[in-house]
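Each remark here refers to the structure printed beneath this line.
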Amino acid sequence: AEQNLALQNTVTLAFVGDLILLQDQVRNAYDAQSGEYDFSPMFQYARQYLAQADLGIGIFEGPMAGEEAGYTTSNYGDGIPLYLNFPDAFAAAVKEAGIDLVSTGNNHLLDKGEKGAMRTLDVLDQIGLLHTGSWRNEAEKASIPLIDVKGIRIAFLAYTYGSNYTPEAYFLNENPSLTSILTDPSSPGFEQVKASVQADFQRIKAMENPPDLIAVLPHMGTQFSHKTDIYQDTWNNIFVEAGADIILGDHAHAVQPIEFRSKPGNAADKNAIIVNCPGNFANSYIDNNGDATAIVEIYLDPVKKEVVCAGVIPMYTQAPSDGNYRALPVHTLLNDPALKREVGQYELQRVSEVFRIATEVMLGTPLTLDQAT
């Protein structure tokens with residue numbers, strides 16, 4: 001009863017991973033009659049969970065460089081070089097789904113060059129979707145987003161391990177204001193980058209009215225792995241030691257464990273939470289358990305201004321024969337008769353596997369479908 005009461009009064013964050021469009025996803029969203037793109041079916045069943053959170057957060061993994069730049073070139077793994085580019089309508093669908101803040105710091109940031117990266121920020125600003133992770137200039141980068149979520153003030157930092165086809169030196173020396181990068185612990189630039197990250201935390205703590213919590217959005221990890229690597233572990237340790245309360249990671253395209261850490265200098269119950277990766281949101285590349293994903297809900301105490309606990313909403317990525325890839329929360333799938341009729345018995349076996357993978361990896365406890373209903 002005490003725990004129930006604590007949960008009822010919490011402030012909630014909902015976090016999803018890679019919001020990404022491969023070639024088939026772009027093509028499937030196109031309506032030849034209207035000449036428009038409609039991505040809303042991707043979010044149809046996940047929207048209720050995102051919208052009910054007090055703050056929805058996602059990773060906008062690709063540029064919006066305009067139609068003339070050519071949309072996404074590949075479906076990944078098809079032997080064609082992958083350069084992402086999304087129709088502007090995707091950003092509107094993301095916002096309408098209940099996502100309030102996105103990070104644009106990722107390895108596809110420069111798939112359409114600096115011009116594409118800048119246009120992405122323009123489109124997000126035009127529709128009123130908050131963003132961090134890439135910036136137009138040093139002044140923008142120095143302005144750390146601080147969001148008041150029902151009385152809890154949260155500062156957001158975002159980093160990426162780099163960008164495809166772009167050397168590390170470009171971000172360290174030539175254009176340091178475009179994004180904030182992380183480096184491998186073995187990199188010659190590691191100590192320089194570590195000092196820069198620590199300085200970001202110090203700037204937040206030195207604010208005249210510092211926030212209640214610090215959240216970090218790092219784009220890092222080994223693709224298609226359900227385990228963290230030394231790169232993630234190293235940087236997660238640095239973030240926690242520097243003062244991070246919430247770490248929302250992604251890039252692996254696979255679900256990874258949720259961890260709690262005792263914060264340095266605080267009592268044992270003052271925890272930092274690490275969401276290493278919730279998987280994709282919905283991606284047409286479903287090999288390597290790419291169809292096993294989740295929405296992670298983080299519950300915050302509005303009085304103590306600290307993390308209480310986390311919840312996981314396992315999702316299955318599915319595409320109807322005449323539609324686009326979409327994220328289906330397993331609980332909704334099992335309890336919505338009309339939706340359940342769209343999933344055959346053979347496919348339901350995969351839903352069961354997805355549910356087990358998400359719960360076992362993220363929570364350390366494998367669950368069965370009868371526990372989802």
Side-chain angles (χ1 to χ4, degrees), residues 1-17 46-59 94-103 128-133 143-158 200-218 236 239-250 257-276 278 294-313 329 331 362-363:
E2 184 180 348
Q3 291 178 343
N4 245 351
L5 184 61
L7 283 173
Q8 289 172 12
N9 294 326
T10 52
V11 174
T12 56
L13 310 180
F15 174 58
V16 295
R47 181 179 292 111
Q48 61 174 312
Y49 299 101
L50 296 169
Q52 72 185 9
D54 296 308
L55 185 73
I57 305 167
I59 309 302
V94 168
K95 183 182 180 186
E96 289 167 6
I99 294 174
D100 307 292
L101 170 71
V102 295
S103 172
L129 182 55
L130 299 174
H131 56 86
T132 187
S143 180
I144 296 172
L146 203 159
I147 302 176
D148 188 312
V149 188
K150 296 185 73 174
I152 301 178
R153 299 168 64 252
I154 308 174
F156 287 87
L157 296 170
D200 289 340
F201 280 87
Q202 289 304 317
R203 283 195 296 127
I204 293 174
K205 293 176 182 178
M207 289 179 177
E208 185 175 344
N209 184 18
D212 302 302
L213 300 171
I214 301 176
V216 186
L217 301 167
N236 284 337
F239 296 144
V240 172
E241 290 169 6
D245 300 282
I246 302 167
I247 299 172
L248 304 176
D250 78 297
I258 294 175
E259 306 173 48
F260 284 92
R261 303 275 188 87
S262 293
K263 293 186 63 180
N266 286 321
D269 62 344
K270 300 285 187 179
N271 288 321
I273 186 170
I274 302 172
V275 179
N276 283 292
I295 298 172
V296 178
E297 295 180 313
I298 296 175
Y299 299 84
L300 307 174
D301 188 307
V303 178
K304 296 180 179 179
K305 312 285 178 73
E306 64 186 30
V307 176
V308 175
C309 63
V312 171
I313 301 168
H331 181 268
M362 302 189 80
L363 303 178

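Only this structure's heavy atoms are used, side chains among them; waters, hydrogens and symmetry mates stay out.
- To the nearest 0.5 Å, the span separating CD1 on Ile147 from CG on Leu101 amounts to 4.5 Å.
- Side-chain contact between Leu213 and Ile152 is present, with at least one heavy-atom pair separated by less than 4.5 Å.
- Side chains of Asp245 and Asn271: no donor on one and acceptor on the other come within 3.5 Å.
- Scanning all heavy atoms of the two residues, the minimum distance from Asn9 to Pro302 falls at O-CG, 3.2 Å.
- The two residues Ala244 and Ala272 come nearest to each other via the heavy atoms O-CB, 3.5 Å.
- Summarising the geometry, atom CG belonging to Leu248 is positioned 10.0 Å from atom OG belonging to Ser103; distances are rounded to the nearest 0.5 Å.
- Contact of the Phe239 side chain with the Ile246 side chain is not registered, since no non-hydrogen atoms from C-beta on lie closer than 4.5 Å.
- Distance check: Ile154 CD1 to Lys305 NZ gives 10.5 Å after rounding to the nearest 0.5 Å.
- Taking 4.0 Å as the cut-off between side-chain N and carboxylate O, Asp54 and Lys150 count as a salt-bridged pair.
- Not a single donor-acceptor pair under 3.5 Å links the side chain of Arg153 to the backbone N or O of Leu146.
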Practice item. Verify side-chain contact (heavy atoms from CB on, under 4.5 Å) between Ile298 and Phe15, making sure each step is shown before the conclusion. Key: CA-CA 8 Å; Ile298 296 175; Phe15 174 58; 5.6 Å; no

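- Annotation: side chain of Ile258 is not in contact with side chain of Asn276 (no heavy-atom distance under 4.5 Å).
- Panel note: side chain Arg203, backbone Ile144; no donor-acceptor pair is recorded below 3.5 Å.
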Review point. Given Asp100 and Leu50, is the side-chain contact (heavy atoms from CB on, under 4.5 Å) satisfied, shown in steps?
Key: CA-CA 9 Å; Asp100 307 292; Leu50 296 169; over 6 Å; no

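- Put simply, the residue from Ile214, Ile274, Ile273 that forms a side chain to side chain contact (heavy atoms under 4.5 Å, CB included) with Ile247 is Ile274.
- Side-chain atoms of Thr12 and Glu297, non-hydrogen and from C-beta on, never get closer than 4.5 Å to each other.
- When all heavy atoms of Cys309 and Leu7 are compared, the closest pair comes out as SG-CD2, 3.5 Å.
- In terms of heavy-atom proximity, Pro278 sits nearest to Val16 at CG-C, 3.9 Å.
- Taking the side chain as every heavy atom from C-beta outward, Leu300 and Val308 never approach each other to under 4.5 Å.
- A donor-acceptor pair under 3.5 Å links the side-chain atoms of Lys205 to the main chain of Ala242, judged by distance alone.
- To the nearest 0.5 angstrom, Ile295 atom CD1 is 7.5 Å from Tyr49 atom OH.
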**Study point:** From CA spacing to verdict: side-chain contact (heavy atoms from CB on, under 4.5 Å), Glu241, Arg261
**Key:** CA-CA 10 Å; Glu241 290 169 6; Arg261 303 275 188 87; over 6 Å; no

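- Within the 4.5 Å cutoff, no side-chain heavy atoms of Ile313 are placed close to those of His331.
- Atom CD of Gln8 sits about 9.0 Å away from atom OG1 of Thr10, to the nearest 0.5 Å.
- The CG atom of Asp200 sits 5.5 Å away from atom CG of Leu157, with the distance rounded to the nearest 0.5 Å.
- Residues Leu217 and Thr132 meet the side-chain proximity criterion, which asks for heavy atoms closer than 4.5 Å.
- Asp301 pairs by the salt bridge (charged side-chain N to carboxylate O under 4.0 Å, His left out) definition with nothing, not counting sequence neighbours.
- In this structure, Pro145 and Leu130 have side chains that are not in contact, with every pair of non-hydrogen atoms separated by 4.5 Å or more.
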